[in-house]
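Accompanying notes for the structure given below.
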Amino acid sequence: MSIAHPPLATLSAERTREWLNDGQEVALLDLREAGQFGEGHPFFAIPLPYSRLELDARRLLPRLDVRVVLLDSGDGVAERGARRLQALGYTQVHVLQGGAPAWAAAGYTLFQGVNLPSKTFGELVEAHYHTPHISATELHRRQQAGEALVLLDGRTLAEHRKMTIPGAVSLPNGELAAHWARQVPDASTPVVVHCAGRTRSIIGAEILRHLGLPNPVLALENGTQGWALAGLTLEHGSQRQVQGPVNPDPAAQAAARRDAQAAGAPHLSVAQAQAWLDDAGRSTYVLDVRSEAEYRAGTLAGARHAPGGQLLQATDQSVAVRRSRVLLLDHEDVRAPVIAAWLRRMGYEAATVEGGIHAALTLRQAGDWAPPAGRRVTAHALPGWTSQHQPALIDVQASMAYRQQHAAGARWAVRPSLAQAAPPEPALPVLVLAPSAELAQLAAADLSEAGWTQVHWALQADWLAAGLPTEATPDSPSDAEAIDYLFFVHDRHDGNLEAARRYLAWETGLIAQCQPDELAGFQLD
């Protein structure tokens with residue numbers, strides 16, 4: 001017996017664009033997988049792949065009655081996602097008629113790449129503030145000549161360890177305001193900030209310049225990719241990083257506060273911040289911008305983690321609702337004001353609060369969704385269970401990880417296409433393998449709801465621990481099938497210089513692709 005569902009609300013591409021510009025809150029969510037999203041999406045689309053929908057929805061959509069528009073490839077995934085969001089309690093869910101193809105057919109641009117607003121903002125910042133830069137060859141010449149300089153890698157520590165400019169120290173952009181003084185010996189030594197491409201080099205340099213450093217501050221032109229394209233050798237495995245506690249420092253606080261005030265980012269009293277949180281008609285994100293270790297050690301109850309540098313680099317990973325509010329927290333009143341200043345320049349209504357993580361605030365956001373438990377097969381039971389039941393194996397790990405190693409005989413699938421990987425007879429046993437319990441449970445629940453009656457799940461780690469056979473398939477899934485992987489972004493970091501050239505050309509060409517309404521929200525002072 002089929003379940004009767006209420007009809008779904010739909011919107012045309014033209015009406016969706018009107019919503020994006022009508023001054024009210026709205027979230028345009030792209031439910032396609034990462035590779036599909038990165039090959040072409042609307043400028044303000046937020047990546048929320050259907051494979052993770054329930055796991056990330058409440059983090060990205062803090063208000064249940066916010067307007068939501070779902071986008072797919074015109075293949076029905078948005079309709080499935082709409083039902084899932086309605087089941088979570090969201091009341092204003094709409095489907096963009098025809099998906100991404102309809103957006104393009106309406107004459108609107110589908111942008112390649114990821115983190116479009118942040119990347120475009122970086123290019124605008126460089127043009128507006130005339131950010132000083134240094135080429136890879138000039139930086140190398142200065143290093144070889146033994147000239148004094150401070151070289152900072154503004155990315156995450158993991159990215160720094162993968163590859164960096166020789167001699168660079170890891171200091172993520174979100175930590176610059178709190179730690180730069182430990183690295184800069186005097187007021188005259190040049191400071192160079194680099195990333196893998198352009199955005200974090202530019203933003204890191206401008207963070208320091210806006211804090212009032214007297215030193216020459218330079219962005220490394222084109223980052224590690226520019227270094228490689230110049231024929232220079234990158235360093236791999238660096239362990240250099242700036243460490244140490246962040247303590248309140250009056251001089252750093254004053255500089256951070258001046259920058260926040262210049263950008264129009266207010267410092268709210270507890271009462272004012274609570275009024276934001278209690279406003280039922282607005283979405284308010286509460287984000288702790290400190291390091292992960294600090295966040296795990298203790299934060300305001302209900303606050304989410306969004307390290308400041310990565311928040312600026314990828315706002316669409318943390319803030320999905322257009323024209324929402326963002327309340328930023330730290331414990332020392334240095335990092336949060338600086339990030340608030342730059343979010344304001346990006347067009348977000350961002351603020352800090354007196355007391356930071358210690359503020360006496362009450363957050364009323366819904367908790368994270370818990371997936372159905374399903375039927376798990378433990379590592380201890382796997383050998384006997386698989387021998388007895390001979391199940392069809394479906395592996396939902398990332399496609400590139402699957403290529404390297406997976407259970408022998410397992411078929412790869414991503415959540416939207418599970419049915420194609422399942423056995424044709426719904427009564428046959430199925431075992432879903434996944435890197436996490438949450439992803440396994442989602443996939444198992446989908447198969448059960450679709451009619452398969454003997455669905456179990458296990459972790460890939462369980463399979464390995466049980467000593468069961470594995471295999472590698474370097475060409476499977478094919479590039480076309482691996483819709484969860486964006487080759488355009490990743491190939492540039494694997495020694496493909498032509499991919500690096502294409503990526504840098506894409507980045508520098510972003511502003512020219514944008515329409516006035518896509519640039520109107522940025523507020524550079």
Side-chain angles (χ1 to χ4, degrees), residues 34-35 38 47 113-116 118-119 121-122 133-134 136 139 150-180 183 191-208 218-230 232-243 289-295 305-318 335 339 342 398 400-401 484-497 499-504 506-507:
V114 297
N115 309 136
L116 258 297
S118 296
K119 297 284 188 180
F121 178 67
H133 62 267
I134 185 172
L139 175 59
V150 174
L151 181 56
L152 303 176
D153 186 339
R155 303 171 299 158
T156 66
L157 180 60
E159 292 172 288
H160 173 80
R161 286 174 174 169
K162 181 177 180 179
M163 81 285 188
T164 193
I165 306 300
V169 176
S170 175
L171 182 55
N173 281 351
E175 301 294 312
L176 279 171
H179 289 290
W180 70 264
Q183 294 300 117
V191 179
V192 179
V193 181
H194 86 80
C195 64
R198 296 178 51 80
T199 308
R200 283 175 286 184
S201 300
I202 296 166
I203 299 302
E206 286 301 335
I207 285 174
L208 294 176
L218 308 163
L220 176 61
E221 187 174 0
N222 299 332
T224 60
Q225 292 174 94
W227 189 266
L229 287 169
L232 301 170
T233 302
L234 291 166
E235 180 182 358
H236 302 277
S238 166
Q239 300 297 314
R240 294 182 300 274
Q241 60 177 307
V242 176
Q243 293 180 302
V289 300
R290 303 172 304 154
S291 70
E292 182 176 0
E294 290 170 303
Y295 174 76
H305 185 225
Q310 289 307 102
L311 178 57
L312 297 179
Q313 171 72 2
T315 52
D316 53 358
Q317 302 283 333
S318 297
R335 287 169 290 183
I339 302 305
W342 285 96
M400 296 302 107
D484 65 327
Y485 188 81
L486 183 55
F487 293 89
F488 165 69
V489 168
H490 294 287
D491 281 0
R492 65 196 173 103
H493 295 320
D494 296 327
N496 186 331
L497 296 184
R501 291 187 186 94
R502 290 195 302 268
Y503 180 86
L504 293 169
W506 164 80
E507 206 163 17

Residues forming a side chain to side chain donor-acceptor pair (under 3.5 Å) with [X], sequence neighbours excluded:
{"X": "Glu292", "answer": "Arg296"}
{"X": "Ser170", "answer": "none"}
{"X": "Gln310", "answer": "Arg200"}

(message) Could you walk me through whether Ile203 and Phe121 satisfy the side-chain contact (heavy atoms from CB on, under 4.5 Å) test, starting with their C-alpha distance in whole Å, then the side-chain angles of each, then the deciding distance to 0.1 Å, before giving a yes or no?
(response) CA-CA 9 Å; Ile203 299 302; Phe121 178 67; 3.9 Å; yes
Are the side chain of [X] and the backbone of [Y] linked by a donor-acceptor contact shorter than 3.5 Å?
{"X": "His236", "Y": "Lys162", "value": "yes"}
{"X": "Gln225", "Y": "Asn222", "value": "no"}
{"X": "Thr224", "Y": "Thr164", "value": "no"}
{"X": "Arg240", "Y": "Ala168", "value": "yes"}

(request) Determine the interplanar angle of the Phe487 and Tyr485 rings, folded into 0 to 90°, and report it as parallel if under 30°, tilted if 30 to 60°, perpendicular if over 60°. (result)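 Ring orientation of Phe487 relative to Tyr485: perpendicular.
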(request) Quick one: sort the His305 and Tyr295 rings into parallel, tilted or perpendicular, breaks at 30° and 60°. (result) parallel
Any side-chain heavy atom of [X] sitting closer than 4.5 Å to one from [Y]?
{"X": "Gln183", "Y": "Leu152", "value": "yes"}
{"X": "Leu139", "Y": "Trp227", "value": "yes"}
{"X": "Arg161", "Y": "Gln241", "value": "yes"}
{"X": "Leu157", "Y": "Pro172", "value": "no"}
{"X": "Asp316", "Y": "Leu116", "value": "no"}
{"X": "Leu220", "Y": "Val193", "value": "no"}
{"X": "Asn173", "Y": "Ile207", "value": "yes"}

Which atoms form the tightest heavy-atom contact between [X] and [Y], and what is the distance?
{"X": "Asp153", "Y": "Met163", "result": "OD2-O, 4.5 Å"}
{"X": "Ala219", "Y": "Ser201", "result": "CB-O, 3.5 Å"}
{"X": "Ala314", "Y": "Ser118", "result": "N-OG, 3.7 Å"}
{"X": "Lys119", "Y": "Val114", "result": "CG-O, 3.7 Å"}
{"X": "Arg155", "Y": "Ala196", "result": "CD-N, 3.4 Å"}

For the atom pair [atom1] ([X]) and [atom2] ([Y]), what is the distance rounded to the nearest 0.5 Å?
{"X": "Ile202", "Y": "Leu218", "atom1": "CD1", "atom2": "CG", "value": "12.5 Å"}
{"X": "Ile165", "Y": "His194", "atom1": "CD1", "atom2": "NE2", "value": "5.0 Å"}
{"X": "His160", "Y": "Ser238", "atom1": "NE2", "atom2": "OG", "value": "2.5 Å"}

(request) Tell me, with the steps shown, if Gln313 and Thr199 meet side chain to side chain donor-acceptor pair (under 3.5 Å). (result) CA-CA 7 Å; Gln313 171 72 2; Thr199 308; 4.5 Å; no
(request) Report the C-alpha distance between Leu504 and Leu229 in whole Å, list the side-chain angles of each, state the deciding distance to 0.1 Å, and finish with yes or no for side-chain contact (heavy atoms from CB on, under 4.5 Å). (result) CA-CA 11 Å; Leu504 293 169; Leu229 287 169; 3.7 Å; yes
